[in-house]
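A, B, ... follow the sequence lines: proteins, then strands. Residue 1 opens every chain. Predicted, not measured: the structure shown is a model, and the values here were computed from it.
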Amino acid sequence: MKMSKLFVQTLREFPNDAEAISHKLLVRAGYIKKLTSGIYSYLPLMQRVLTKINKIVREEMNAAGAQELLMPFVQPAELWLKSGRWEVYGKELARLNDRHGNQMCLAPTHEEVVTSVASGILSSYKQLPVNLYHIQTKFRDEIRPRFGLLRGREFIMKDAYSFHSSQESLEEEYENMARAYTRIFKRCGLETKMVQSDSGAIGGNVSHEFMVLTSTQSGEDDVFYCENCDYAANSNHAVSKLQKEFTNGAEFGYSEEKILDTPNVKTIDELAKFLKIEPYCILKAVLYIADSKPVLVMIRGDKEVEETKLLNTVNALEIRSATNEEALEYLGCEVGYLSYLNVDRNKVKVIFDNSAKGMKNFVLGANEPHKHIVGYNYKEENDFCDVSLVKEGEHCPCCGSPLKITRGIEVGNIFQLGTKYSKPMGATYTDEKGEDKPFIMGCYGIGITRTAAAAIEKYHDDFGIVWPKEIAPYHVDIVPVNADDNEQMDVALKLYDTLNSLGIETVLDDRADRAGVKFKDSELIGFPYRITVGKTIKEGLVEFKHRKTGEVEKLTPDEAVERCKQLLLN
RNA sequence: CGGGAUGUAGCGCAGCUUGGUAGCGCACCUCGCUUGGGACGAGGGGGUCGCAGGUUCAAAUCCUGUCAUCCCGACCA
C-alpha cells in the first residue's frame, strides 16, 4: 500500500474526549472514527488488525475442534422470554419493534439463538459433544461507554457454545477452550492470566476470565493473585484468609457489654479513634436496596462490601446503597449508628459477612442516634456468607501466601453453563436409555475489538503504538526520505515490490512530506519495522529500524530483505 | 440513574462577562521554496456558533426549554 493512497488521517494532537491511551492512540493514528457514543467505524488500518486477530482466533478454534457458523444479530423477543432473560437483562439489551409491532432485540450475546439452533439439529447423544462459534458484532447498551474500544456499546466478539451429554465432557471441553484461549492470546502477543470470576448475567456455575494484566490505570478490573500458587481471581469473586481471623474487643479493654454515648461519631474511622480501638473489632452495618427491598449487611469494620457478591447472594437484579432517609424508614435510625439488633427480619433481610464470624466483645451501632454498644457478643446463631471485598495483603485461600493486586483487562471468558439455557428453553437430546435430557452447555467469549485495544494498552510508548508483529496492520514501512530523489525512490520501490511479492505486508511512504512527518506517522501508527532509504543510499545502505527496541541496523537493500524474511516469515 | 463539565470548520481551541462584520493553530487546495525527526512564504476554500423557542432594531453572546457528548460512581467481552 502506498501511503499517499492509504485511507488514513493522523492527527497532530490527541483527541480531547479520550481517556485511555488505547483510545487516544487509535483515534490519533487514524484507526477508528467515532460515530456516536460507544460506536466506532473501524478504518482500514483497524480492519486489518481485526482481520488478523480473527484469523488467529479461527485457526485456533478450528484446531480445537470447534465449527464456525454465523447467527443473526437481530433476534425475536420470544426466544429471550423463553430463557427468562427478556426481563432479567435490563436496559443493556437494546429492544425495538418491527413494522408489525413484534418485539425484537439487538444481540448482546447468543445463548438463546445457539440453543434454539442446536436443539433443532442435535437430537442424539451420539452427536455430542459439539462446539459452535461465530465472530460477530454485538450490541450492549452500556450505561457508560468509555475508553474507546475497551468498552464500546457496539463491539466485535467471538462467541462459542458447546453442547454435551455429561458434566465430564463439558469439563473436558472447558479445559480444551482454556488451552486454546491461552494460545490465541499468546499468538496475538499478549500474556494472559486465567482468573476465577463472577459469572454475571450470562450465568452458570464455574467461570474464568482471561485477563491482560496492566500495571497502570487502564485496566477496568482488579485482579487478586497469589505469587506462590496459581490462585487468581477477579475482585468480584476473590476470597481470602483475613489478616486477623478472629478478633476480640477485650484486646482494647472492652470485655463488658455497655451502651456508650458516641455523639456525632459516624464513620468507622471516627468511631475507632473515639473508642481507641481497631476497626476490625467493630461490626459495621451497611444498608442496601436490592430491587427496592432493604438488605442490611453486617461486616467487620476493616472490610468493604463487594456489591457483585451481594447481588448474587440476595439474587437481585439491581443493587445500590441506601440513603439516609431509607435508613430512617426501614431501621428507624440514621446512618452511622445502625445495627441488626431489634430489626424485624421479615421486613429487612440481614446478611452477615464471613468476616464477622468469630468476633468477640465487639463494637456495633445501637440503632439509636449517637450511641454504640461495646463488648457485644452474638446472642443468636447467624448464617455467614461471603459478600466482602478482598484487600491486598490478605492471604491466599489455597496456600496462605499474601495476595497481590493488579489491574486487568478482560479479553476473554469461559463459562460452564450447565443447563441454565437448555432447561427453560426445552432444548434436549435423547440419551442411551432413550430418555430426553437437557443439553449441558458451555460458552466461551473473546472480545476481538477489546483484544486489539488491550494490545495497545500493553504495547505503546511516547511515540505511539508498538504493535506485536502478529497483529500489526502492516509489517514494514518503507520511507524514502526525499520523494523527489530518484535514486532513493527507485530503491524504495524495488524494496516495496520485493517485500510484497514475498507476502510481507508493506507500506511505501511515497508522500512529498519531509522526513520528520513520515517518521512521526510511522511510529504513531506502529509499524513493527521501518526501512529508511536516505542519504546513505550513496554508499549502498539503508536503515532498518525496529519499532519496539529502537535498534537501527545499516544494511544493503538485499540484506534488509533478508532481515524481513528472517523476522517475518517462518 | 445520581454528581460535575462541555457543545463554535475534519481536529484542538478563543470569542460569551459588557449583544453590533465569526476568529486562531493544525489539517485541506494552489504557487514558490525546502527535504534525516511534525519547515517556511504568499494566496485560497470550508462554519444555519448542538437544536427549538423567547427578549431585542440587532443574539455565538442574555433568558427558557431540549438534545447530545465527555468526566467521577454501580454493569460487562
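Taking the centre and axis of the six-membered ring of Y474(A), the NZ or CZ atom of R48(A) falls inside the cone set by 45° and 6.0 Å. Because its NZ or CZ atom is not both nearer than 6.0 Å to the ring centre of F155(A) and within 45° of the ring axis, R140(A) does not count as a cation-pi partner of that residue.
Remark: A60(B) base-pairs with no nucleotide; criterion is Watson-Crick or G-U wobble with both hydrogen-bond distances under 3.5 Å. In this structure, U17(B) makes no Watson-Crick or G-U wobble pair, since no nucleotide meets both defining distances under 3.5 angstrom. With a cut-off of 3.5 Å on both pairing distances, C76(B) has no Watson-Crick or G-U wobble partner at all. Nucleotide G41(B): paired with C31(B) (Watson-Crick or G-U wobble, both distances less than 3.5 Å). The nucleotide A5(B) finds its pairing partner in U69(B), both defining distances of the Watson-Crick or G-U wobble pair being shorter than 3.5 Å. The pairing partner recorded for G10(B) is C26(B), the criterion being a Watson-Crick or G-U wobble arrangement whose two distances lie under 3.5 angstrom. Remark: C49(B) base-pairs with no nucleotide; criterion is Watson-Crick or G-U wobble with both hydrogen-bond distances under 3.5 Å.
Straight-line distance between the C1' atoms of G65(B) and A22(B): roughly 26 Å, to the nearest whole Å. U17(B) and C63(B) have their C1' atoms separated by 16 Å, with the value rounded to a whole Å. A distance of about 29 Å separates the C1' atoms of G44(B) and G37(B), rounded to the whole Å. Taking the P atom of each, C51(B) and G36(B) are spaced 47 Å apart, rounded to whole Å. Distance noted for atom C1' between U21(B) and A58(B): 13 Å (whole Å). Straight-line distance between the P atoms of C28(B) and A74(B): roughly 43 Å, to the nearest whole Å. A distance of about 16 Å separates the P atoms of G25(B) and A39(B), rounded to the whole Å. Taking the C1' atom of each, G43(B) and G50(B) are spaced 33 Å apart, rounded to whole Å.
Here A68(B) presents its P atom at 12 Å from CG of D141(A), a figure rounded to the nearest Å. When the C1' atom of A77(B) is taken as reference, atom CE of M211(A) falls 11 Å away, rounded to whole Å. Separating the CG atom of L287(A) from the P atom of A74(B) is a distance of 18 Å, rounded to the nearest angstrom. Separating the CZ atom of F7(A) from the P atom of G10(B) is a distance of 15 Å, rounded to the nearest angstrom. The CD1 atom of I409(A) sits 19 Å away from the P atom of C75(B) (whole-angstrom rounding). Going from atom CD of E111(A) over to atom P of A77(B) covers 9 Å, rounded to whole Å. A74(B) atom C1' lies 14 Å from atom CG of D221(A), rounded to whole Å. Following rounding to the nearest Å, F147(A) (CZ) and C70(B) (C1') show an atom-to-atom distance of 12 Å.
The R153(A) side chain lies nearest to U69(B) when the options are A27(B), A77(B), U69(B). You'll find that the side chain of E307(A) is closest to A74(B), out of C70(B), A74(B), G73(B). Here the side chain of D17(A) is nearest to one of G73(B), C76(B), C70(B), namely C70(B).
Side chains of S207(A) and S197(A): a donor-acceptor N/O pair is present below 3.5 angstrom, by distance only. Under 3.5 Å, the side chains of D269(A) and T267(A) contain no donor-acceptor pair of N or O atoms. A donor atom on one side chain and an acceptor atom on the other are not found under 3.5 Å apart for H237(A) and E209(A).
Partners of D477(A) under the salt bridge (Lys or Arg N to Asp or Glu O under 4.0 Å) rule, at least two apart in sequence or in another chain, do not exist in this structure. Contacts of N482(A) classified as side-chain contact (heavy atoms from CB on, under 4.5 Å), with partners at least two apart in sequence or in another chain: D484(A), D485(A), Q488(A). Scanning for salt bridge (Lys or Arg N to Asp or Glu O under 4.0 Å) contacts around R28(A) gives an empty result, with sequence neighbours left out. With sequence neighbours excluded, no residue forms a salt bridge (Lys or Arg N to Asp or Glu O under 4.0 Å) with R95(A). Shown here are the salt bridge (Lys or Arg N to Asp or Glu O under 4.0 Å) partners of R179(A), two or more places apart in sequence or in another chain: there are none. Residues that satisfy the side-chain contact (heavy atoms from CB on, under 4.5 Å) test with T549(A), not counting sequence neighbours, are H546(A), E551(A). Listed by chain and number, the residues in a ring-ring contact (aromatic ring centres under 6.0 Å, His included) with Y174(A) are H208(A) (sequence neighbours excluded).
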Are any protein N/O atoms closer than 3.5 Å to N/O atoms in nucleotides 46-51 of chain B? If there are, list each pair with its distance.
none

Write down the protein N/O and nucleotide N/O pairs, taken from nucleotides 1-8 of chain B, whose separation is under 3.5 Å; answer none if there are no such pairs.
none

Hey, what are the protein-to-nucleotides 13-15 of chain B N/O distances that come in under 3.5 Å?
unit_1 : atom_1 : unit_2 : atom_2 : d
C13(B) : OP2    : N16(A) : ND2    : 2.8

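Across all strands shown, E13(A) has heavy atoms under 4.0 Å from base atoms, whether or not it also approaches the sugar-phosphate. No contact: G30(A) has no heavy atom under 4.0 Å from any strand. When heavy atoms are screened at a 4.0 angstrom cut-off, R151(A) is found touching base atoms of the nucleic acid.
At a cut-off of 3.5 angstrom, the base of C76(B) holds at least one donor-acceptor pair with the side chain of R450(A).
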Scan the side chains in residues 14-23 of chain A for donor-acceptor partners under 3.5 Å anywhere in the protein, sequence neighbours excluded, and list what turns up.
unit_1 : atom_1 : unit_2  : atom_2 : d
D17(A) : OD2    : K34(A)  : NZ     : 3.0
S22(A) : OG     : E457(A) : OE2    : 2.8
H23(A) : ND1    : G148(A) : N      : 3.3
H23(A) : NE2    : Y40(A)  : OH     : 3.3

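Within a 6.0 Å radius of CZ in F73(A), more than 12 heavy atoms belonging to other residues, nucleotides or ligands are found.
K284(A) and E304(A) are joined by a salt bridge, as a carboxylate oxygen and a charged side-chain nitrogen come within less than 4.0 angstrom of each other. Under a 4.0 Å N-O distance rule, the pair K2(A)/D509(A) does not qualify as a salt bridge.
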Requested in this report: Spell out protein contact along nucleotides 34-45 of chain B as letters: B when the base is contacted, S when just the sugar-phosphate is, - when no protein heavy atom is under 4.0 Å; keep the 5' to 3' order.
Outcome: BBBBBB------
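Comparing A18(A) and N236(A) against RNA chain B, the residue whose closest nucleotide sits nearer the 5' end is A18(A). Mapping I448(A) and P15(A) onto RNA chain B by nearest heavy atom places P15(A) at the nucleotide closer to the 5' end.
In this model, the phosphate group of C70(B) is approached by a side-chain N or O of S37(A) to a distance below 4.0 Å at OP1 or OP2.
Relative orientation of the F185(A) and F210(A) rings is tilted, given thresholds of 30° and 60° on the angle between their planes.
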